[in-house]
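Below is one structure; the comments refer to it alone.
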There are 2 protein chains.
Amino acid sequence: MNTSLKSDKICLCAFDGIIDIIGRKWAILLISILGEYGDLRFNQLYGKLEGISPSTLSKILYELSGRGILTRTVTQDKPAKIVYGLSGRGKELRNSLIPLLNWMSGQDEFEKMAETCRPEDLISVKNL
Amino acid sequence: MNTSLKSDKICLCAFDGIIDIIGRKWAILLISILGEYGDLRFNQLYGKLEGISPSTLSKILYELSGRGILTRTVTQDKPAKIVYGLSGRGKELRNSLIPLLNWMSGQDEFEKMAETCRPEDLISVKNL
DNA sequence: CAGCATCCATGACGATACTG
DNA sequence: CAGTATCGTCATGGATGCTG
């Protein structure tokens, strides 16, 4: 596995890093959607992240790309297309988020909400 | 296990709930510290969460207690003491956070920081 | 299409002082 | 001891309009 477990303890300073990455409003959802659907273009993401603004989407894409979580690829098509996807690191992150998502979906307060969920709003929580 | 896996998919609406809980600056650290040390009193937490303000600690304790993540217990001592701890639900949450912590601690950018870490800043990532 | 620039509202957080 | 009250600051994110 990837986790270099030199011990069973980690330093407090790791926590800030986690919050910086996934504490952002759309980060977990964005990562999960890219895990579910594979690579997507800006406007495809804009459509799936209901309620996000272009500027916010732009910012989060820029940040997560800069952190090596996302890949940004320009295709050779004419006209060129730009696609975003999970990097290897991003896939690891997504996998490590799955227990958290499963925990959340098992909570009562969530299960009530989930009953009204449309099929197209369901996201896979299987490992990639 | 607790996770009621009716399917391998979860609804988008679960994500907001996660961000509300663990997106807060001190939430993950607080949960991990209570997992590590067991029940603690306000000023003990205040000492361990270096840099937090009393008002912020007060707020996060109130919120996580309200969500059933933390327990708040008044002892019968004289004078009475108030101790905070993880509820059953909080322990589940903590366990589901462990893969994320392990992932973060395996990242290069983190490992550099971690070299300067004091022993007392190490937190266990074993299941409860 | 794939954003970026700008402005604005909200609220999270920190500092400090105070209380029963 | 275990907080609450108040205040100020800053960052986040939404709305909108513009661009190559």
Side-chain angles (χ1 to χ4, degrees), chain A residues 12-13 15-34 37-67 69-86, chain B residues 12-13 15-31 33-34 37-67 69-85:
Chain A
L12 295 187
C13 38
F15 293 84
D16 288 338
I18 293 175
I19 298 300
D20 286 346
I21 294 174
I22 64 157
R24 308 292 305 276
K25 182 170 179 183
W26 300 94
I28 296 181
L29 185 52
L30 174 59
I31 289 165
S32 299
I33 285 178
L34 287 175
Y37 296 103
D39 293 359
L40 291 177
R41 301 167 64 187
F42 188 92
N43 280 335
Q44 292 175 311
L45 288 167
Y46 185 59
K48 290 206 176 293
L49 295 165
E50 218 165 318
I52 201 173
S53 67
S55 54
T56 302
L57 178 55
S58 178
K59 254 179 273 181
I60 189 87
L61 288 172
Y62 179 81
E63 284 186 17
L64 292 182
S65 299
R67 290 173 184 277
I69 308 294
L70 302 185
T71 58
R72 182 183 188 274
T73 311
V74 184
T75 70
Q76 297 301 328
D77 302 332
K78 289 188 179 181
K81 298 176 181 178
I82 297 167
V83 292
Y84 293 90
L86 294 180
Chain B
L12 296 188
C13 37
F15 293 86
D16 288 338
I18 293 176
I19 297 299
D20 286 347
I21 295 173
I22 64 157
R24 307 293 305 278
K25 181 171 180 185
W26 300 95
I28 296 180
L29 185 52
L30 174 60
I31 289 165
I33 284 177
L34 287 175
Y37 296 102
D39 292 1
L40 291 177
R41 301 166 65 186
F42 188 92
N43 280 335
Q44 293 176 311
L45 287 167
Y46 186 59
K48 290 204 175 294
L49 295 165
E50 218 165 319
I52 201 173
S53 67
S55 53
T56 302
L57 178 55
S58 179
K59 253 179 271 180
I60 190 89
L61 287 173
Y62 179 82
E63 285 186 15
L64 292 182
S65 299
R67 290 172 184 276
I69 308 293
L70 302 185
T71 58
R72 181 185 188 276
T73 312
V74 183
T75 70
Q76 296 300 328
D77 303 331
K78 290 188 178 182
K81 298 176 181 177
I82 297 167
V83 293
Y84 294 90

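Throughout, protein chains are lettered first and strands after them, A, B, ... in sequence-line order, and every chain is numbered starting at 1. A quick note: this is a predicted structure, and the numbers were derived from the prediction, not measured.
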Practice task
Using atom CG of B:L49 as one end and atom C1' of C:dC13 as the other, report the distance to the nearest whole Å.
Solution key: 14 Å

Practice task
Please say which of A:L30, A:L40, A:L45, A:L57 ends up in a side chain to side chain contact (heavy atoms under 4.5 Å, CB included) with A:Y84.
Solution key: A:L45

Exercise for the section: Please determine if a side-chain N or O atom of B:S53 lies less than 4.0 Å away from the OP1 or OP2 oxygen of C:dC13. Expected result: no

Exercise for the section: Give a yes/no answer on whether the side chain of B:Y84 brings an N or O atom under 4.0 Å of OP1 or OP2 in D:dG3. Expected result: yes

Practice task
May I have the distance from B:E63 (atom CD) to C:dC13 (atom C1'), rounded to whole angstrom?
Solution key: 12 Å

Fill in the blank from the handout: To the nearest angstrom, the OH-P distance between A:Y62 and D:dG13 comes to 16 Å

Exercise for the section: Return the value, rounded to whole Å, for the distance between atom CG of A:L57 and atom P of D:dG13. Expected result: 12 Å

Exercise for the section: Please step through side-chain contact (heavy atoms from CB on, under 4.5 Å) for the pair B:Y37 and B:K48, ending with a clear verdict. Expected result: CA-CA 10 Å; B:Y37 296 102; B:K48 290 204 175 294; 3.7 Å; yes

Fill in the blank from the handout: Closest to the side chain of B:P54, out of D:dA2, C:dC1, D:dT4, is D:dT4

Problem - Among D:dA2, D:dG14, C:dG3, the one nearest A:I82 by side-chain distance - result: C:dG3

Problem - From B:R72, B:K25, B:R24, residue fulfilling salt bridge (charged side-chain N to carboxylate O under 4.0 Å, His left out) relative to B:E63 - result: B:R24

Completion exercise
Here the distance between atom P of D:dC1 and atom CG of B:L40, to the nearest Å, is 14 Å

Problem - Proximity to the side chain of A:F42 - top-ranked nucleotide from C:dC13, D:dG13, C:dG3 - result: C:dG3

Problem - Of the listed nucleotides C:dG3, D:dG13, C:dG14, the one nearest the side chain of B:S55 - result: C:dG14

Handout entry: Comparing A:R24 and B:K59 on DNA chain D - which has the more 5′ nearest nucleotide
Key = B:K59

Problem - Phosphate OP1/OP2 of C:dG14 contacted by B:K25 side-chain N/O (<4.0 Å) - result: yes

Exercise for the section: Return the 5'-most residue of the pair A:L61, B:W26 with respect to DNA chain C, ranking by each residue's nearest nucleotide. Expected result: A:L61

Practice task
Check the distance between C:dC13's P and A:I19's CD1 and give it to me in whole angstrom.
Solution key: 9 Å

Practice task
State whether the number of non-hydrogen atoms from other residues, nucleotides or ligands found under 6.0 Å of B:Y62 atom OH is greater than 12.
Solution key: no

Handout entry: Nearest-Å distance for atom pair CG/P, residues B:D16 and D:dG13
Key = 12 Å

Exercise for the section: Of all the heavy-atom pairs spanning B:I60 and B:A27, show the shortest one and how long it is. Expected result: CD1-CB, 4.1 Å

Exercise for the section: For B:R41 and D:dG3, give me the distance from atom CZ to atom C1', rounded to whole Å. Expected result: 13 Å

